[in-house]
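No hydrogens, no waters, no symmetry mates; every other heavy atom, side chains included, goes into these values. What you are looking at is a predicted structure, and each value in this text was computed from that prediction instead of being measured. Positions are given from 1 along the sequence.
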Amino acid sequence: MDLDGRRVLITGASRGIGRSLAEAFAGAGAAVALVARDGDALAELASRLGGTAHPTDLLDPGSLHGLIEAVEIDAGPIDVLVNNAGLAFEGTLWDSTADQIERQVRLNLTVPLELCRQAIPRMIERGGGHLVNVASLAALASVPGMTVYAGTKAGLAQSTAALRDELRGLPIGVTTVMVGGVPTDMLAQGESYAPFHEAFERLRRIQLVPDTRAESLAAAVVRGVQRGTRTVFLPRRAAPFVGLVEAPRKILHAALTGVRPRL
């Protein structure tokens, strides 16, 4: 997809990976529609990038309902939806509160699926679009203190792959983003839990999953949308992990050759 003049909606855009994604898409010529809770930070970023700010609490069902329609009324048709907003609480499952579990499941899994549900009919009607769901390498293998987060990201990665199959033959691209540690406030919060920090330090030391800069990830996602890439993953040495998880899907695809993806 040529991004010049396209409109890209990015959730969780006020900081961290979302902020870098907004800068990268704007740098590629796209108009960015930015969604997050922090209205002041969004307004500053939107003003700098020539985009639009849409302060929203995605954990509020009333705010989530009809969000795609509301943004399109305000800013114009959305060509690319980037579901980046995410949440993690450090510590063991049994030390988590019920509210912490519910909020992670909602923001990391329910919200992106709901926004895809809202966006797809509009993209089909306009003749095309692209969906990007930011998952994590934690979907494939987790470290201590990430039980709920890993579960939600595994669900998002699997759901995105299934959605891609359901959309087969329609003019909508689907990209899953699989990334390891990215130095952000969320990663720093996770590393306040000692077992989590020790695990990440081990992975860095042996260079199995070194950290990825947010700017590098954002640039890779932009290229992925431009090229219609199915899976964007960083660091590059994660290729064997991604390949292993894709193998059962490829076998199933072959077994289901000729079966309709939808009515």
Side-chain angles (χ1 to χ4, degrees), residues 1-3 8 11 17 21 79-84 86 105 108-117 119-121 123-124 127-143 146-182 203 206-212 216-263:
M1 174 185 288
D2 181 1
L3 289 169
V8 181
T11 66
I17 294 172
L21 285 166
D79 301 295
V80 181
L81 168 64
V82 182
N83 283 304
N84 163 73
V105 172
N108 297 355
L109 181 56
T110 305
V111 167
L113 292 180
E114 169 59 16
L115 290 180
C116 286
R117 186 194 70 81
I120 287 170
M123 291 180 174
I124 292 175
H130 201 104
L131 307 170
V132 179
N133 285 336
V134 180
S136 168
L137 290 178
L140 310 181
S142 182
V143 301
M146 296 181 71
T147 296
V148 179
Y149 180 82
T152 60
K153 291 301 185 178
L156 182 59
Q158 181 64 23
S159 296
T160 305
L163 176 60
R164 183 185 299 112
D165 289 343
E166 288 184 339
L167 288 169
R168 192 174 72 243
L170 293 173
I172 299 178
V174 181
T175 297
T176 309
V177 179
M178 307 289 278
V179 65
V182 179
L203 295 175
I206 65 177
Q207 288 294 292
L208 182 61
V209 185
D211 285 346
T212 297
S216 299
L217 175 61
V221 173
V222 168
R223 288 194 300 271
V225 173
Q226 290 170 327
R227 300 171 182 175
T229 305
R230 292 165 57 97
T231 306
V232 170
F233 60 90
L234 286 174
R236 298 300 299 175
R237 64 190 61 197
F241 303 145
V242 177
L244 285 171
V245 78
E246 289 290 339
R249 292 176 187 151
K250 292 179 179 179
I251 294 171
L252 186 61
H253 289 167
L256 297 180
T257 297
V259 174
R260 292 180 296 172
R262 60 192 172 277
L263 292 176

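- Surrounding CZ of R227 are at most 12 heavy atoms belonging to other residues, nucleotides or ligands under 6.0 Å away.
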Assess whether side-chain contact (heavy atoms from CB on, under 4.5 Å) is satisfied between T231 and E246, documenting all intermediate values.
CA-CA 10 Å; T231 306; E246 289 290 339; 3.8 Å; yes

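- Taking all atoms of both residues into account, the shortest heavy-atom contact from L156 to T160 is O-OG1, 2.6 Å.
- Put simply, the side chain of I17 reaches to within 4.5 Å of the side chain of L217, judged on heavy atoms.
- The two residues L109 and S159 come nearest to each other via the heavy atoms CD1-OG, 4.4 Å.
- Panel note: side chain K153, backbone V134; a donor-acceptor pair is recorded below 3.5 Å.
- What you find for V259 and R168 is that their closest heavy atoms are O-NH2, 3.4 Å.
- Between atom CD of residue E114 and atom CG of residue N83 there is a gap of 10.5 Å, rounded to the nearest 0.5 Å.
- Smallest separation of non-hydrogen atoms from G228 and H130: CA-CE1, 4.1 Å.
- Taking 4.5 Å as the limit, every side-chain heavy atom of V232 sits out of range of all side-chain heavy atoms of R223.
- Of all non-hydrogen atoms in P248 and L244, the two that sit nearest each other are CD-O, 3.3 Å.
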L163/I120 under side-chain contact (heavy atoms from CB on, under 4.5 Å): CA gap, chis, key distance, verdict:
CA-CA 10 Å; L163 176 60; I120 287 170; 3.7 Å; yes

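- Formation of a donor-acceptor pair under 3.5 Å by the S136 side chain with backbone atoms of M178 is not found in this model.
- Closest of all the heavy-atom pairs between T152 and V105 is CG2-CA, 3.7 Å.
- Shown here is R262, whose CZ atom has more than 12 heavy atoms of other residues, nucleotides or ligands within 6.0 Å.
- At least one side-chain heavy atom of L81 sits less than 4.5 Å from a side-chain heavy atom of C116.
- Within the 4.5 Å cutoff, side-chain heavy atoms of P235 are placed close to those of L137.
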Determine, step by step, whether T176 and N133 satisfy the side-chain contact (heavy atoms from CB on, under 4.5 Å) criterion, reporting the C-alpha distance in whole Å, the side-chain angles of both residues, the deciding distance to 0.1 Å, and the verdict.
CA-CA 5 Å; T176 309; N133 285 336; 5.6 Å; no

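- The closest donor-acceptor contact from the side chain of D79 to the backbone of G129 lies at 3.5 Å or more, if one exists at all.
- Side-chain atoms of R237 come within 3.5 Å of backbone atoms of Q207 as a donor-acceptor pair (strictly under, hydrogens ignored).
- In this structure the side chain of L21 never reaches within 4.5 angstrom of the side chain of V132, judged on heavy atoms.
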Step by step, would you call R249 with L252 a side-chain contact (heavy atoms from CB on, under 4.5 Å)?
CA-CA 5 Å; R249 292 176 187 151; L252 186 61; 5.7 Å; no

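- V82 has its side chain out of reach of V225: every pair of non-hydrogen atoms, C-beta onward, lies at least 4.5 Å apart.
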